[in-house]
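Written out below as structure tokens is the structure these notes cover.
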2 protein chains.
Amino acid sequence: MVARRVLKYAILGLLRKDDKSGYDMTSDFKQAIGQFWSAKHSQIYTELKKLLEEELISSYIELSGEKLEKKMYTLTEKGKEDLHTWLLTQDDHLETEKDVFALRLYFLKDIPSADLLALFENQLNLRTDKLNMLQEQFAYYFGEENPAEDLDADELGHYFVLTKALSREENYIHWLMESMDIIRQRQLGE
Amino acid sequence: MVARRVLKYAILGLLRKDDKSGYDMTSDFKQAIGQFWSAKHSQIYTELKKLLEEELISSYIELSGEKLEKKMYTLTEKGKEDLHTWLLTQDDHLETEKDVFALRLYFLKDIPSADLLALFENQLNLRTDKLNMLQEQFAYYFGEENPAEDLDADELGHYFVLTKALSREENYIHWLMESMDIIRQRQLGE
DNA sequence: ATCAAACATGTCATTGTTTACATGTTTGAT
DNA sequence: ATCAAACATGTAAACAATGACATGTTTGAT
């Protein structure tokens, strides 16, 4: 699925400020940005190799301790330009945002309400945990008070991504609870 | 990315009520359920072949006009059971819900506010069009008045999927507008 | 000192998905 | 009658992504 060579640009983007190793990128995808894109280390290492060949990045070795070699990557001029162009690219259509829970739900004509509610309950738990995690992250990085307009340009991307993840999760939970109410109402009428 | 053999279950699910051809399924993915899963005809036809081999579905020919053969598929008992089991499966974790716009945004530290707003504007247009389309669909299938509790069990899946798609889109648009406000506020302070 | 968890890098086989190639029929508008 | 759009089915090459295999180092807790 998915648009063309997104991982390529995700990697170039992660290198926009600091040099990083493949391992660092793997870690990044476990943080905030991992809410919107992610890749396993196996894919990252092969993509890095390709980007080196294409001369969009260059690499050097940094020692971690006495023997452990960290391979650090930097954007080349060519890489910076390519990234810049991609960042300003406007999508001309929206792709399917896949969601297996919603797919499953679409088929649930034969499933008893009780089982249906159990599925919703499970999804609600998972989503609530995620929301809590995101709220903690937000509080940690941006404090309890409203930050908004007076942030560093540097932090703005992080701020947007976290608020987006939060609102997505809140919305999901809200819809889950509304839908559960409907199912319960229908149960009464059975 | 993505969970295991979802297309397999999407196809079995589409066959839950009526027999369908590969072409019919391709069309289904352009309707409501396409908001949450979709596949191209090439992938559908190869998956159907596989499901036949696995004896989860069986097929027969239906003539469309005088020569055009439509290959229709039905769930076998085995297929029904497999589908049923999958429908009741609870996810044990949430996967990354990829979103290229949010990814791009995360990297936008060097982009001037004007360009940033143009990107948001574009996204807002795409999302607004989609929301309108969904609202029309909703009005068409469920009328203007509040349906909710007194729907056929049959239609409930469709109802859930449409309300989910609607609320997802409304939420996206709301976040876009809030973020654009923040960018404009920051512009004033420049 | 031991040892587990985290750090660190890579390859390979398989699966999932898209794009392009390839071909033919039916319907409905003009 | 013509013709384009929609109907209809398939294959193949290339690309995207995961999971398993494979190996070794450093850090920090006990």
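Below, each value reflects all heavy atoms present in this structure, side chains not excepted, and no hydrogens, waters or symmetry copies. Just so it is clear, the model here is predicted, and its values are computed rather than measured. Each chain gets a letter, A, B and so on, in the order the sequences are listed, and its residues count up from 1.
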* Structure fact -> Comparing Leu7(A) with His41(A), nearest DNA chain D nucleotide closer to 5' gives the residue Leu7(A)

Distance in angstrom units between [X] [atom1] and [N] [atom2], rounded:
{"X": "Lys8(A)", "N": "dA17(D)", "atom1": "NZ", "atom2": "P", "value": "14 Å"}
{"X": "Phe29(B)", "N": "dA8(D)", "atom1": "CZ", "atom2": "P", "value": "17 Å"}
{"X": "Lys40(B)", "N": "dA16(D)", "atom1": "NZ", "atom2": "P", "value": "15 Å"}
{"X": "Glu97(A)", "N": "dT17(C)", "atom1": "CD", "atom2": "P", "value": "16 Å"}
{"X": "Ile61(A)", "N": "dC7(C)", "atom1": "CD1", "atom2": "P", "value": "19 Å"}

* Is the Phe138(A) ring parallel, tilted or perpendicular to the Tyr159(A) ring (thresholds 30°, 60°)? -> tilted

* Is it true that Tyr23(B) and His41(B) have ring centroids separated by less than 6.0 Å? -> no

* Asked: Would a line drawn from the ring center of Phe101(A) to the ring center of Phe120(A) be shorter than 6.0 Å?
  -> yes

[X]: salt bridge (Lys or Arg N to Asp or Glu O under 4.0 Å) partners, not counting sequence neighbours:
{"X": "Asp19(A)", "result": "none"}
{"X": "Asp129(B)", "result": "none"}
{"X": "Asp24(A)", "result": "Lys70(A)"}
{"X": "Asp154(A)", "result": "Lys17(A)"}

* Structure fact -> Per the 3.5 Å Watson-Crick/G-U criterion and a run length of at least three, the stems involving DNA chain C are C:1-30 with D:1-30

* Structure fact -> Gln137(A) meets the side-chain hydrogen bond (donor to acceptor under 3.5 Å, both in side chains) criterion, sequence neighbours left out, with none

* Asked: Under the side-chain hydrogen bond (donor to acceptor under 3.5 Å, both in side chains) test, which residues partner Gln43(B), sequence neighbours left out?
  -> none

* Qualifying side chain to side chain donor-acceptor pair (under 3.5 Å) pairs, either residue in residues 168-177 of chain B, two or more places apart -> Thr163(A)-Trp175(B), Ser167(A)-Asn171(B), Asp99(B)-Tyr172(B), Arg127(B)-Glu169(B), Trp175(B)-Ser179(B)

* Tyr60(B) atom OH, over 12 foreign heavy atoms within 6.0 Å -> yes

* **Under-4.0 Å side-chain N/O to phosphate OP1/OP2 contact, Tyr23(B) with dT9(D)** => no

* To do: Output the residues of residues 63-73 of chain A in contact with DNA chain D, where contact means a heavy atom of the residue under 4.0 Å from an atom of the strand; sort by number or write none.
  => Ser64(A), Gly65(A), Glu66(A), Lys67(A), Leu68(A)

* Residues from residues 13-21 of chain B sitting under 4.0 Å of DNA chain C, heavy atoms only? -> none

* Structure fact -> What residues 42-54 of chain B contributes to the DNA chain C interface at heavy-atom separation below 4.0 Å is Ser42(B), Gln43(B)

* Asked: Mind checking what makes ring pair (Phe, Tyr, Trp, His ring centres under 6.0 Å) contact with Tyr9(A), not counting sequence neighbours?
  -> Trp86(A)

* Please walk me through it: do Tyr106(B) and Phe160(A) pass ring pair (Phe, Tyr, Trp, His ring centres under 6.0 Å)? -> CA-CA 7 Å; Tyr106(B) 186 63; Phe160(A) 279 143; over 10 Å; no

* Asked: What's the closest nucleotide to the Asp24(B) side chain, out of dA8(D), dA16(D), dT17(C)?
  -> dA8(D)

